[in-house]
Amino acid sequence: MTLQQPKITPKPLPSIAEYGPHAIEVQDLTFGYNTSASSSMVKENSSNVLHNLNLTLPTGSRCLLIGANGSGKSTLLRILAGRHLTQQPVKVLGLNSFRDTKLNFHRAYLDCDWGMTSIAFVGASVPMMADIPVHKMMERLQNSYPERRDELAMMLGIDLNWRMHQLSDGQRRRVQILLGLVRPFKILLLDEITTSLDVCVRQDLLKWLVKESDERGATILYATHIFDGLDDWASHLFYLTNKGTCGWQGKMEDLEVYKELKANNHPAKMLSIAEHWLRKELEESRAKNEYEKAQYAGMELDPTDRQGGYASGRNIPMEETTTTGGVKRQGRLSDLMGNAGKMDSHR
């Protein structure tokens, strides 16, 4: 659907200096999450997710990121998207991926968590369910690129008058893609973003991304477990092992197993390659009776952490005392009311 709204001239995007042949450069990256929930900082520790990782992608490439669940694909994409600070500098378009905010105008990052984060005091996830039409979502951005918006809306089958609170998960996912791609990008990071799309829309989106890469020189890194229609889509491949290390990276044409499958006209080349690598990891893990760690394994709640003032009433420093009796607070309602220790006297 095309909307008749006045076009807004987009503000000039911050310029980026010449950065050389590689749009993404990662050198000897080791990264792990802090195992304490009391801090939002991330640092290296004994349970690193990524180990001595190197990755280079030339401008205009389309790279498939392959790896088992828990291998660190999402972590790597979040680092490239500037969501995590690393000790080793990570370069995107020649700039520091975390510190240089100019990248936010040239980089797009789409994952499956959009609008699904639990909201404080609501008690549940609220996946963009406000009663507003699609064309009012990031309205100025949409009106800055109306032709591009209409092209994406047509391709994704979006009615711009849809009300957000009435949409299904698949429809909401398409709106997310529309809003994420409406501004022209130089770097696109995709994390399993096509899982809710039907087969035809997914194929149309993949073709559109090829056009973006070929015509505008956009660099795309796409992590997925769905390999339908991807046999000839990627120019590069990066295999991330379940140990968080690089298993293989390079041009598709340099991968021997791919050349063999292509020569034999195999009907599912990418699926076969992924299964070849991941099946071996799975069998080794089964033989050792090893399992991937739970996402938040090792996270410990610090009862003294106020979490910037948004912690629950239980998170009160234990060393604080009342003015009478010197009874330590235990984080109970009576403590908040100034009656620390009163209940104990009735036992």
Side-chain angles (χ1 to χ4, degrees), residues 13 16 19-26 53-67 72-83 90-95 97 103-114 145 148 151-152 155-156 173-174 176-197 201-240 246 248-255 258 269-270 273-274:
L13 301 181
I16 293 180
Y19 54 84
H22 295 125
I24 294 176
E25 293 183 276
V26 179
L53 200 68
N54 294 286
L55 168 63
T56 56
L57 281 182
T59 299
S61 59
R62 298 182 300 275
C63 181
L64 279 179
L65 179 57
I66 294 178
K73 301 187 301 299
S74 296
T75 297
L76 176 58
L77 289 172
R78 289 180 65 83
I79 290 173
L80 295 173
R83 305 298 177 91
V90 173
K91 297 293 185 180
V92 174
L93 303 179
L95 305 174
S97 66
L103 283 172
N104 295 331
F105 297 93
H106 301 279
R107 172 179 58 192
Y109 168 62
L110 300 176
D111 65 7
C112 292
D113 292 335
W114 184 72
Y145 304 97
R148 190 175 173 89
E151 178 186 12
L152 285 165
M155 177 187 67
L156 296 169
R173 178 71 64 215
R174 283 181 270 164
Q176 175 194 7
I177 295 173
L178 166 69
L179 298 178
L181 303 183
V182 68
R183 176 192 284 135
F185 51 81
K186 294 181 181 293
I187 292 284
L188 177 60
L189 307 169
L190 302 173
D191 189 1
E192 293 287 4
I193 197 62
T194 61
T195 52
S196 299
L197 303 183
V201 171
R202 181 176 179 276
Q203 290 301 102
D204 290 344
L205 175 61
L206 291 174
K207 291 178 183 177
W208 187 85
L209 292 177
V210 170
K211 185 185 72 169
E212 288 287 287
S213 176
D214 291 343
E215 296 182 2
R216 296 200 307 103
T219 305
I220 303 171
L221 182 57
Y222 177 28
T224 185
H225 293 291
I226 305 174
F227 299 105
D228 292 345
L230 292 178
D231 287 347
D232 300 308
W233 182 87
S235 62
H236 291 68
L237 184 66
F238 188 94
Y239 163 43
L240 188 60
C246 175
W248 192 91
Q249 68 169 311
K251 295 181 178 179
M252 293 296 305
E253 60 196 45
D254 295 333
L255 182 59
Y258 178 76
K269 295 183 282 293
M270 287 308 310
I273 292 171

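Here the structure is a predicted model, which means the values were calculated and not measured.
Between the NZ atom of Lys73 and the CG atom of Leu221 there is a distance of 11.5 Å, given to the nearest 0.5 Å. Rounded to the nearest 0.5 Å, atoms CG (Leu57) and CD (Gln249) are 7.5 Å apart. How far CD1 of Ile187 is from CG of Leu80: 8.5 Å, rounded to the nearest 0.5 Å. Rounded to the nearest 0.5 angstrom, Ile193 CD1 and Leu77 CG are separated by 11.0 Å. The distance from the CD atom of Gln176 to the CZ atom of Arg173 is 4.5 Å, given to the nearest 0.5 Å. Between atom CG of residue Leu13 and atom NZ of residue Lys186 there is a gap of 8.5 Å, rounded to the nearest 0.5 Å.
The backbone N or O of Lys269 lies less than 3.5 Å from a partner atom in the side chain of Asp231, making a donor-acceptor pair. No donor-acceptor pair under 3.5 Å is formed between the side chain of Arg107 and the backbone N or O of Leu93. A donor-acceptor pair under 3.5 Å links the side-chain atoms of Thr219 to the main chain of Gly60, judged by distance alone. Ser97 places a side-chain N or O within 3.5 Å of a backbone atom of Ile79 that can act as its donor or acceptor partner. With hydrogens and angles ignored, the 3.5 Å screen pairs no side-chain donor or acceptor of Arg174 with any backbone N or O of Leu197.
With contacts defined as side-chain heavy-atom distances shorter than 4.5 Å, the pair Ser74/Glu192 does not qualify. Side-chain contact between Val92 and His106: absent, with no pair of heavy atoms (C-beta onward) separated by less than 4.5 Å. Side-chain contact between Cys112 and Thr195 is present, with heavy atoms from C-beta onward closer than 4.5 Å. Looking only at side-chain heavy atoms (C-beta outward), Trp233 and Met270 stay at 4.5 Å or farther from each other. No side-chain heavy atom of Leu190 sits under 4.5 Å from any side-chain heavy atom of Thr224. Side-chain contact between Asp228 and Arg202: present, with at least one pair of heavy atoms (C-beta onward) separated by less than 4.5 Å. Between Ser61 and Ser235, some side-chain heavy-atom pair lies under the 4.5 Å cut-off. Within the 4.5 Å cutoff, side-chain heavy atoms of Tyr145 are placed close to those of Arg183.
Salt bridge status for Arg62 with Asp214: present, with a side-chain N to carboxylate O gap under 4.0 Å.
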Could you give me the CA-CA distance, side-chain angles and deciding distance for Asp113 and Asp191, then say whether side-chain contact (heavy atoms from CB on, under 4.5 Å) is met? CA-CA 10 Å; Asp113 292 335; Asp191 189 1; over 6 Å; no

Mind running side-chain contact (heavy atoms from CB on, under 4.5 Å) on Leu152 and Met155 for me, showing each step along the way? CA-CA 5 Å; Leu152 285 165; Met155 177 187 67; 3.6 Å; yes

For Tyr19 and Lys91, what are the C-alpha separation, side-chain angles and deciding distance, and is it a side-chain contact (heavy atoms from CB on, under 4.5 Å)? CA-CA 10 Å; Tyr19 54 84; Lys91 297 293 185 180; over 6 Å; no

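Ile220 and Leu209 get closest at one heavy-atom pair: CD1-O, 3.6 Å. Among all heavy-atom pairs drawn from Cys246 and Leu53, the shortest one is N-CD1, 3.6 Å. When every heavy atom of Ala234 is checked against every heavy atom of Leu64, the shortest pair comes out as CB-CG, 3.8 Å. When all heavy atoms are compared, the tightest approach of Arg216 to Phe185 is NH2-O, 2.8 Å. Here the closest non-hydrogen pair linking Tyr222 and Leu206 is CE2-CD2, 3.9 Å. Nearest heavy-atom pair, Phe238 versus Asn54, reported as atom, atom and distance to 0.1 Å: CE1-O, 3.5 Å.
Counting heavy-atom neighbours within 6.0 Å of Phe105 CZ, excluding the residue itself, gives a total of 12 or less.
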